[in-house]
Number of protein chains: 2
Amino acid sequence: MANTQFSTKDRILGAAEELFAQHGFSGTSLRQVTTRADVNIAAVNYHFGSKDNLVTEVFRRRMDDMSAQRLERLRQAQEASPGELEPILAAFVEPALALAQDRNGGGAFIRVIARAYAEKNDGLRKFLSERYGHVLRDFARAMAACVPGLSKEQLYWRLDFLAGALTYAMADFGLIKRPTGVSDATHRTKAAQELIRFAAAGFKS
Amino acid sequence: MANTQFSTKDRILGAAEELFAQHGFSGTSLRQVTTRADVNIAAVNYHFGSKDNLVTEVFRRRMDDMSAQRLERLRQAQEASPGELEPILAAFVEPALALAQDRNGGGAFIRVIARAYAEKNDGLRKFLSERYGHVLRDFARAMAACVPGLSKEQLYWRLDFLAGALTYAMADFGLIKRPTGVSDATHRTKAAQELIRFAAAGFKS
DNA sequence: GTCTATAGGATGATAGAC
DNA sequence: GTCTATCATCCTATAGAC
């Protein structure tokens, strides 16, 4: 093993993640991936079997971690301040923010998530909902306890609004131009704070 | 001209829209487009010059109309009920809803919009912001008058949250499953109402 | 595990006949 | 305006040497 810090497999995953975020799944070729990862073109098929498998692996690596963080933060929030909505929203928003801030390619990953939502008919979407649906259901339950009187349908809509706004903001798609002199990290942190406040008011309405 | 109801150009645009929504821009080949439109492969380059031009044309066809509707509804809202926030939000949300409901393929276009922000196609993004940025600025101005005390930055963030939630909800990405027995139209109309309420509270916070 | 080489096919775009 | 035919390029995936 020439590089002990990052294995060939990890380098491929990192390069793929960045390129997927930038050019999409089908917009990224395995040649681009292997060139950036500085590995041989054949290594992808050796380690992952196919391009599709590489796509789901890129996903799993980040989402498993983010979902675990969200659930842990949710648990903490319910323990420390039961009945309060804002900490629950923060438990949902901030792990996504942290991922977006991550120097090690995580920032790109938020856009990969956005892309996955759009991938309506693909197996990727099914994979996501099967593997991570329980996280959203846990959040829905916790929020219901804070905002009694909402129908289940209303609750789910609002969670969807939150997820949509979060994805959009973290993917940096909007009109908001980062003011010059403000770091990317500061800018996104601000966005997260604003979103928590915005959503808290929305949920309580 | 064999088909007088839909020109070759329109058939290409319609087929491209559906396929872009389903597979993304780079995931869709011109061959797929021309096969579905039942026109010759060379017709795309004849009518549009390039694939990139086709992409922007797909946008222009729907967005010009939706933006005009938004601005007209905004004007009406400001005239009929000055200082009220909800009618302004409705002026923003409901034209998107109408498009999503449109029998003539408009529904797919909402998903194309979602694709656009996932794909981070810089050329497309520039085109959109240059051509439709003024619409959002007009809305920001109108909202500022309803919710004094917000910084420009806060206002823009909130508009972004609204746009993100709207796209996500109209594209039907969320966990919300349409209850059986409820029509697609009713379901989305409900979503729009809920979003207006949610966002109104958020903006006023 | 990593490489070279290549098979086998799809892609965007164009030239030129009608 | 519409067609066929084709170019040059790129793609994923694999076979086989080291």
Side-chain angles (χ1 to χ4, degrees), chain A residues 1-59 61 112 115-116 119 121-124 127, chain B residues 1-61 112 115-116 119-124 127:
Chain A
M1 202 179 300
N3 188 329
T4 48
Q5 194 183 4
F6 292 109
S7 65
T8 294
K9 208 169 165 175
D10 279 336
R11 292 216 308 287
I12 292 173
L13 283 170
E17 181 173 84
E18 288 170 32
L19 289 163
F20 287 163
Q22 221 171 338
H23 307 115
F25 302 126
S26 41
T28 300
S29 72
L30 295 183
R31 277 179 165 73
Q32 290 174 280
V33 171
T34 52
T35 299
R36 175 173 296 215
D38 199 29
V39 302
N40 189 271
I41 170 72
V44 168
N45 278 283
Y46 176 77
H47 286 287
F48 299 96
S50 72
K51 185 179 179 177
D52 278 350
N53 280 353
L54 174 60
V55 169
T56 53
E57 274 306 305
V58 164
F59 240 88
R61 185 171 70 142
V112 177
R115 199 180 301 279
E119 225 51 43
N121 293 323
D122 239 32
L124 188 54
F127 168 80
Chain B
M1 202 180 301
N3 189 331
T4 50
Q5 195 183 2
F6 291 109
S7 65
T8 294
K9 209 169 163 173
D10 278 335
R11 292 215 308 287
I12 292 173
L13 285 169
E17 183 174 76
E18 290 170 31
L19 288 163
F20 288 162
Q22 220 170 338
H23 306 115
F25 303 119
S26 44
T28 300
S29 72
L30 294 183
R31 282 177 166 77
Q32 289 174 281
V33 172
T34 52
T35 300
R36 176 175 293 215
D38 199 30
V39 302
N40 189 272
I41 169 75
V44 168
N45 277 283
Y46 176 77
H47 286 285
F48 300 96
S50 71
K51 186 180 179 178
D52 278 349
N53 280 352
L54 174 59
V55 170
T56 55
E57 275 306 304
V58 164
F59 269 89
R60 221 170 43 74
R61 183 170 70 143
V112 175
R115 285 281 181 188
E119 296 246 348
K120 206 190 174 201
N121 178 330
D122 279 335
L124 183 58
F127 168 81

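Just so we're on the same page: letters track the sequence lines, and every chain starts at 1.
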Per-nucleotide protein contact string for nucleotides 11-18 of chain C (B base, S sugar-phosphate only, - none; heavy atom under 4.0 Å): BBBB----
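- Atom NE2 of B/His47 and atom P of D/dG1 are 7 Å apart (whole Å).
- Residue B/Ala16 comes nearest to B/Val58 through the heavy atom pair CB-CG2, 3.9 Å, listed as atom of the first residue, atom of the second, then distance.
- Taking A/Ser29 as the reference, A/Arg31, A/Gln32 meet the side chain to side chain contact (heavy atoms under 4.5 Å, CB included) condition, with sequence neighbours excluded.
- The side chain of A/Asn40 contributes an N or O atom lying less than 4.0 Å from OP1 or OP2 of C/dT4.
- Residues that satisfy the salt bridge (charged side-chain N to carboxylate O under 4.0 Å, His left out) test with B/Arg60, not counting sequence neighbours, are B/Glu57, B/Asp64.
- Listed by first and then second residue, the side chain to side chain donor-acceptor pair (under 3.5 Å) pairs involving residues 38-51 of chain A amount to none (not counting sequence neighbours).
- For B/Thr8 and D/dT2, the shortest distance from a side-chain N or O to OP1 or OP2 is below 4.0 Å.
- Legend: residues meeting ring pair (Phe, Tyr, Trp, His ring centres under 6.0 Å) with B/Phe25, ordered by chain and number and at least two apart, are B/Phe20.
- Considering only residues two or more places apart in sequence or on other chains, B/Arg36 meets the side-chain hydrogen bond (donor to acceptor under 3.5 Å, both in side chains) condition with B/Glu18.
- In this entry the distance linking CZ of A/Arg11 with C1' of C/dT2 reads 12 Å, nearest Å.
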